Amino acid sequence: MEVKTNKRRGDPGKPPGLHRTAGCTIELLSSHNRVFDYLRDIQNRPQWERISTNSIVHELATFSTGPDPRNCISVLAISRHNDILLLQECSTDETGSFVIFAPIEKADFQSLLCGVDQEIQLMPFGFYILPNVSGSILDGTLLTMVFQITVKNVSKKKAVEVATQIVKETLHKIIEAVN
């Protein structure tokens with residue numbers, strides 16, 4: 001697992017505070033399509049994603065981005081968080097897939113829809129899903145997860161611990177669900 005630290009001030013598009021990025025790649029026994037479909041399905045989100053735990057996730061809008069109906073950009077609402085929406089992009093083909101998310105404040109999203117020119121702060125996270133091929137035999141999936149958080153009023157050490165714990169918990173839940 002890799003954890004990077006960036007202390008940023010005044011960077012366009014980044015919230016103020018200390019930013020932590022944690023990532024990890026693991027091998028799964030399931031097919032690349034099964035892992036992709038599990039991660040993109042909004043009904044599964046509360047099982048593996050912290051922000052959606054004990055919530056109902058609703059799809060407010062979806063925009064197709066290709067011939068495969070699973071390739072799309074969606075706007076998601078989470079029942080426990082009235083002030084936050086999730087932007088989600090999913091894409092897949094035979095070479096690999098990705099599922100990327102970014103929380104956005106509802107007021108910022110509404111400003112975007114109205115054409116208001118303002119700085120929007122996004123901290124994306126997500127997954128890259130590759131078929132794991134050894135020679136000519138399909139051996140499962142390689143799943144890479146990258147997660148970013150912004151923390152305020154905590155030590156650098158504690159921020160790294162929090163980011164690392166979130167990645168570990170998330171990957172453990174995904175492994176239990178798809179393997």
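Numbering of residues begins at 1 and proceeds along the displayed sequence. Computed from a predicted model, the values in this text were never measured in an experiment.
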Open item on the list: Given 3.5 Å as the limit, does a donor-acceptor pair link the side chain of Q148 with the main chain of P124, or not?
Closed with: yes

TODO: With side-chain hydrogen bond (donor to acceptor under 3.5 Å, both in side chains) as the test, would you mind laying out the steps for S79 and H58 before giving the verdict?
DONE: CA-CA 8 Å; S79 63; H58 300 281; 5.8 Å; no

Task: Distance in Å, L142 CG paired with N132 CG, rounded so as to fall on 0.5 Å steps - done: 4.0 Å

Open item on the list: Is there a path of hydrophobic side-chain contacts, each under 4.5 Å between heavy atoms of I/L/V/M/F/W/Y residues, joining L171 to I166?
Closed with: yes

Task: Shortest non-hydrogen separation from N44 to D37 and the atoms involved - done: ND2-O, 4.4 Å

Task: Pair Q165-E169, side-chain donor/acceptor within less than 3.5 Å - done: yes

Task: Any donor-acceptor N or O pair under 3.5 Å, side chains T62, E59 - done: yes

- [ ] Determine whether E49 and F125 make a side-chain contact, defined as any pair of heavy atoms from C-beta on separated by less than 4.5 Å.
- [x] yes

- [ ] Could you check whether the rings of F127 and F101 sit parallel, tilted or perpendicular, using 30° and 60° as the cut-offs?
- [x] perpendicular

Open item on the list: For G66, is there any backbone N or O sitting under 3.5 Å from a side-chain donor or acceptor partner on S64?
Closed with: yes

Task: side-chain contact (heavy atoms from CB on, under 4.5 Å) evaluation trace for I104 with M123 - done: CA-CA 9 Å; I104 184 171; M123 294 293 287; over 6 Å; no

Task: Side chain N71, main chain T92, donor-acceptor under 3.5 Å - done: yes

Open item on the list: Please find the pair of heavy atoms, one from Q43 and one from V57, that lie closest to each other, and give the distance.
Closed with: NE2-O, 4.3 Å

Open item on the list: Checking the side chain of T141 only, and the main-chain atoms of H32 only, is there a donor and an acceptor separated by less than 3.5 Å?
Closed with: yes

Open item on the list: Membership question, hydrophobic clusters at under 4.5 Å side-chain separation (ILVMFWY): are V146 and V35 in the same one?
Closed with: no

Distance-only check: which donor-acceptor pairs under 3.5 Å involve side-chain atoms of residues 172-179, not counting sequence neighbours?
{"residue": "H172", "atom": "NE2", "partner": "E176", "partner atom": "OE2", "Å": "2.8"}
{"residue": "N179", "atom": "OD1", "partner": "L29", "partner atom": "N", "Å": "2.8"}

- [ ] Please assess Q88 against I100 for the test side-chain contact (heavy atoms from CB on, under 4.5 Å), listing each intermediate value before the final yes or no.
- [x] CA-CA 6 Å; Q88 172 179 287; I100 309 284; over 6 Å; no

Open item on the list: Tell me whether the NZ or CZ atom of R50 lies within the 45° cone about the ring axis of F147 and under 6.0 Å from its centre.
Closed with: no

Open item on the list: Do N33 and S31 pair up side chain to side chain, a donor and an acceptor below 3.5 Å, judged on atom types alone?
Closed with: no

Open item on the list: Could you measure the distance from the OG1 atom of T144 to the CG atom of L130? Nearest 0.5 Å is fine.
Closed with: 6.5 Å

Task: Of all pairs that satisfy side-chain hydrogen bond (donor to acceptor under 3.5 Å, both in side chains), the ones with a partner from residues 101-116, not counting sequence neighbours - done: D108-Q118

Task: Residue of the set C90, S97, S91 for which side-chain contact (heavy atoms from CB on, under 4.5 Å) holds with R40 - done: C90

Open item on the list: Using the rule that Ile, Leu, Val, Met, Phe, Trp and Tyr join whenever any side-chain heavy atoms are under 4.5 Å apart, tell me whether L87 and Y128 fall into a single cluster.
Closed with: no

Open item on the list: So which atom in C72 and which in T65 form the shortest heavy-atom distance, rounded to 0.1 Å?
Closed with: N-OG1, 3.3 Å

- [ ] Answer yes or no: is there a donor N or O on one side and an acceptor on the other, between the side chain of S52 and the main chain of S55, under 3.5 Å?
- [x] no

Open item on the list: With side-chain contact (heavy atoms from CB on, under 4.5 Å) as the test, pick out the partner of R45 among L76, T53, I56, L39.
Closed with: L76

- [ ] Starting at CG of L28, measure out to OH of Y38 and round the result to the nearest 0.5 Å.
- [x] 11.5 Å

Task: Path from F98 to I42 over hydrophobic side-chain contacts below 4.5 Å - done: no

- [ ] Measure across I129 and F36 and return the closest heavy-atom pair with its distance rounded to 0.1 Å.
- [x] CD1-CA, 3.7 Å

TODO: Check whether any side-chain heavy atom of V167 sits under 4.5 Å from a side-chain heavy atom of T170, and report yes or no.
DONE: no

